Amino acid sequence: MRVLAIVLAGGEGKRLMPLTADRAKPAVPFGGIYRLVDFVLSNLANGQYLKIVVLTQYKSHSLDRHVSRTWRLSTMLGNYVTPVPAQQRLGPHWFSGSADALFQNLNLIYDEMPEHVIVFGADHIYRMDPRQMVEQHIDSGADVTVAAIRQPLSLADQFGVIETDPAGRRIVAFREKPKDAVGLPDAPDQVYASMGNYVFKTQAMLDALREDALDPTSKHDLGGNIIPMLVKSGGAQVYDFADNVVPGSTERDRGYWRDVGTLDAFYEAHMDLISPHPVFNLYNQQWPIYTWHDPLPPAKFVHNEGDRVGRAVDSLVSAGVIVSGGLADHSILSPGVVLHSHSRVEDSVLMDNVKIGRGAVVRKAIIDKNVVIPDGARIGFDLEYDRSRFAVTRNGIVVIGKNEIIDR
């Protein structure tokens, strides 16, 4: 069965500013050594879908570089992961929506002539075996299958909600953030929330994209326009993510999916990684998350003199980290991070090459690459003062952008 996978990675990510000030949202680092895009690409690669196109647009240099350097497959066997930037093939305009991104790149589909097309987003944290969704899609004969995750009915107004027929499979309505959503046939207190992952029958997708492109009133969005079009024709079905079984998963992390579209959600997803029994388990070697990072030496912890002890507890510590007489508590330390003597980092996410000065204290913060926190500085204690210098989220997380210069 010929299948082409397309990853939509052109999102601007405004709600993740300042982390997206210098990079596309799918290129934002996550979990110490990964980028957001690595999760969807790992799911596709583990599922043996090895013809993958990554559509990029905004500030795509670091994303293009990461995909090109990390995701090299055997071209001799016809496999590839190819970043494709917006090319304005159909005129002098950028992608005006996810459907338009596909329409402007129909040549990629014509080149492969697949029978089915997987279209997945690039900025969610999850494990999924896409083969199971594709198998259901083919068996059903549907024009499109939409992956959905069950959410409480009370939260329906926060999602794109899928409503089904009494059998629970055929989609009869696809509505954005409804106030009057109806519960599922088998669970009246739940709704199906769209995950932004789709499998299309190729010809049905081509026909829908062409029709949508001719509609001047359309927003050219997959969820807002293309899926409702196929729902109306009776060709849309839902795939229940709860049915997906990933090799090596546990009952605790099965069905985990997080949209990290806000800074608070991004922070909470990191905190999910570091409990003794993590909600999302990075250590499942039967379904690994692939990436590449610089060849760095092992992490090291130095000094053991009185209260000058290099320690990390309930934390993820990456290669190249040096904890020199400081303490990392319930935090994530990315490659090249250095904690100097008597410093302390609590409940925080430190990205590559962050340096924490002697005696400095950081609490509930996200600090992007190459930031130096001066000796004796205190971050996360006086939020009003922090807000005058940095971004502070609704939940009180201090966010410091890449390469920012910090005064004590």
Side-chain angles (χ1 to χ4, degrees), residues 1-9 37-55 71 73 77-82 98-99 102 105-106 108-122 124 126-150 162 164 167-171 174 192-209 222-223 226-227 230-231 233-249 254-257 286-290:
M1 189 65 64
R2 298 191 304 277
V3 178
L4 174 67
I6 299 178
V7 174
L8 299 176
V37 73
D38 290 326
F39 291 83
V40 63
L41 292 178
S42 294
N43 287 326
L44 292 168
N46 284 322
Q48 295 300 301
Y49 295 114
L50 302 178
K51 297 179 185 292
I52 306 171
V53 173
V54 182
L55 300 185
W71 289 93
L73 302 181
L77 300 178
N79 303 325
Y80 56 83
V81 180
T82 302
S98 53
L102 294 175
N105 287 282
L106 291 184
L108 302 173
I109 299 171
Y110 296 143
D111 289 345
E112 285 293 339
M113 292 304 294
E115 296 174 60
H116 302 276
V117 180
I118 297 171
V119 180
F120 279 11
H124 299 140
Y126 67 113
R127 276 191 177 90
M128 177 184 185
D129 184 347
R131 293 171 295 193
Q132 297 166 32
M133 181 178 176
V134 173
E135 287 168 4
Q136 177 189 302
H137 169 77
I138 293 172
D139 291 344
S140 72
D143 290 332
V144 65
T145 299
V146 183
I149 187 167
R150 292 170 180 252
I162 296 166
T164 68
R169 183 64 62 84
R170 185 172 64 87
I171 300 175
F174 190 99
Y192 278 140
S194 173
M195 298 169 62
N197 288 356
Y198 313 99
V199 180
F200 289 91
K201 188 181 293 183
T202 301
Q203 192 58 53
M205 185 181 80
L206 294 176
D207 292 344
L209 290 175
L222 282 175
I226 300 299
I227 303 306
L230 295 175
V231 167
S233 69
Q237 293 212 6
V238 68
Y239 176 75
D240 188 346
F241 185 53
D243 295 335
N244 196 262
V245 180
V246 173
S249 64
R254 180 179 172 181
Y256 182 96
W257 179 82
Q286 294 183 52
W287 198 269
I289 306 301
Y290 297 104

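FYI, the numbering just counts along the sequence from 1. Keep in mind the model is a prediction, meaning the values are calculated, not measured.
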For M128 and N43 the tightest heavy-atom approach is N-OD1, 3.0 Å
Exercise for the section: Might you work through the side chain to side chain contact (heavy atoms under 4.5 Å, CB included) test for N197 and Y126, ending with a clear yes or no? Expected result: CA-CA 12 Å; N197 288 356; Y126 67 113; 3.1 Å; yes
Checklist entry - Does the side chain of V146 reach to within under 4.5 Å of the side chain of I162, using non-hydrogen atoms? => result yes
Rounded to the nearest 0.5 Å, the CZ atom of R169 sits from the OG1 atom of T145 at a distance of 8.5 Å
Taken to the nearest 0.5 Å, the spacing of D38 CG from I289 CD1 works out to 8.5 Å
Would you indicate whether the side-chain heavy atoms of L108 and L55 approach each other to under 4.5 Å? yes
Rounded to the nearest 0.5 Å, the CG atom of L209 sits from the CG atom of L106 at a distance of 6.0 Å
Note to self: Side chains of V81 and L41, heavy atoms from C-beta outward: is any pair under 4.5 Å?
What the structure shows: yes
Margin query: Show, in sequence, the C-alpha distance, side-chain angles and deciding distance for T202 and R2, and conclude whether the side chain to side chain contact (heavy atoms under 4.5 Å, CB included) test is met.
Written below: CA-CA 10 Å; T202 301; R2 298 191 304 277; over 6 Å; no
Y49 meets the side-chain hydrogen bond (donor to acceptor under 3.5 Å, both in side chains) criterion, sequence neighbours left out, with none
Scan the side chains in residues 109-122 for donor-acceptor partners under 3.5 Å anywhere in the protein, sequence neighbours excluded, and list what turns up.
{"residue": "Y110", "atom": "OH", "partner": "R210", "partner atom": "NH2", "Å": "2.8"}
{"residue": "E112", "atom": "OE2", "partner": "Y80", "partner atom": "OH", "Å": "2.7"}
{"residue": "H116", "atom": "ND1", "partner": "H137", "partner atom": "NE2", "Å": "3.3"}

Side-chain donor-acceptor contacts of residues 235-248 below 3.5 Å, not counting sequence neighbours, with atom names and distances?
{"residue": "Y239", "atom": "OH", "partner": "N244", "partner atom": "ND2", "Å": "3.0"}
{"residue": "D240", "atom": "OD1", "partner": "A242", "partner atom": "N", "Å": "2.9"}
{"residue": "D240", "atom": "OD2", "partner": "R150", "partner atom": "NE", "Å": "2.9"}
{"residue": "D240", "atom": "OD2", "partner": "R150", "partner atom": "NH2", "Å": "3.0"}
{"residue": "D240", "atom": "OD2", "partner": "Y192", "partner atom": "OH", "Å": "3.3"}
{"residue": "N244", "atom": "OD1", "partner": "D129", "partner atom": "N", "Å": "2.9"}
{"residue": "N244", "atom": "ND2", "partner": "D129", "partner atom": "O", "Å": "2.9"}
{"residue": "N244", "atom": "ND2", "partner": "Q132", "partner atom": "OE1", "Å": "3.4"}

dist R170:CZ -> S140:OG (nearest 0.5 Å) comes out at 12.0 Å
Exercise. Is the side chain of S98 donor-acceptor paired with the backbone N or O of L222 at a distance under 3.5 Å, no angle test?
Worked result: yes
To the nearest 0.5 Å, atom CG of L102 lies from atom CG of L8 at 5.5 Å
Residues passing the ring pair (Phe, Tyr, Trp, His ring centres under 6.0 Å) test with Y256, sequence neighbours excluded, are F280
Check your understanding: Between S233 (side chain) and L230 (backbone), is there a donor-acceptor pair under 3.5 Å?
Key -> yes
Taken in chain and number order and not counting sequence neighbours, the residues that satisfy side chain to side chain contact (heavy atoms under 4.5 Å, CB included) with L50 are A45, Q48, L73, N79
Taken in chain and number order and not counting sequence neighbours, the residues that satisfy side-chain hydrogen bond (donor to acceptor under 3.5 Å, both in side chains) with D143 are none
When every non-hydrogen atom of W287 is compared with those of P130, the smallest separation belongs to CZ2-CD, 4.1 Å
Closest non-hydrogen atoms of V231 and F174, given as atom of the first, atom of the second and distance, are CG2-CB, 4.4 Å
dist F200:CZ -> I226:CD1 (nearest 0.5 Å) comes out at 7.0 Å
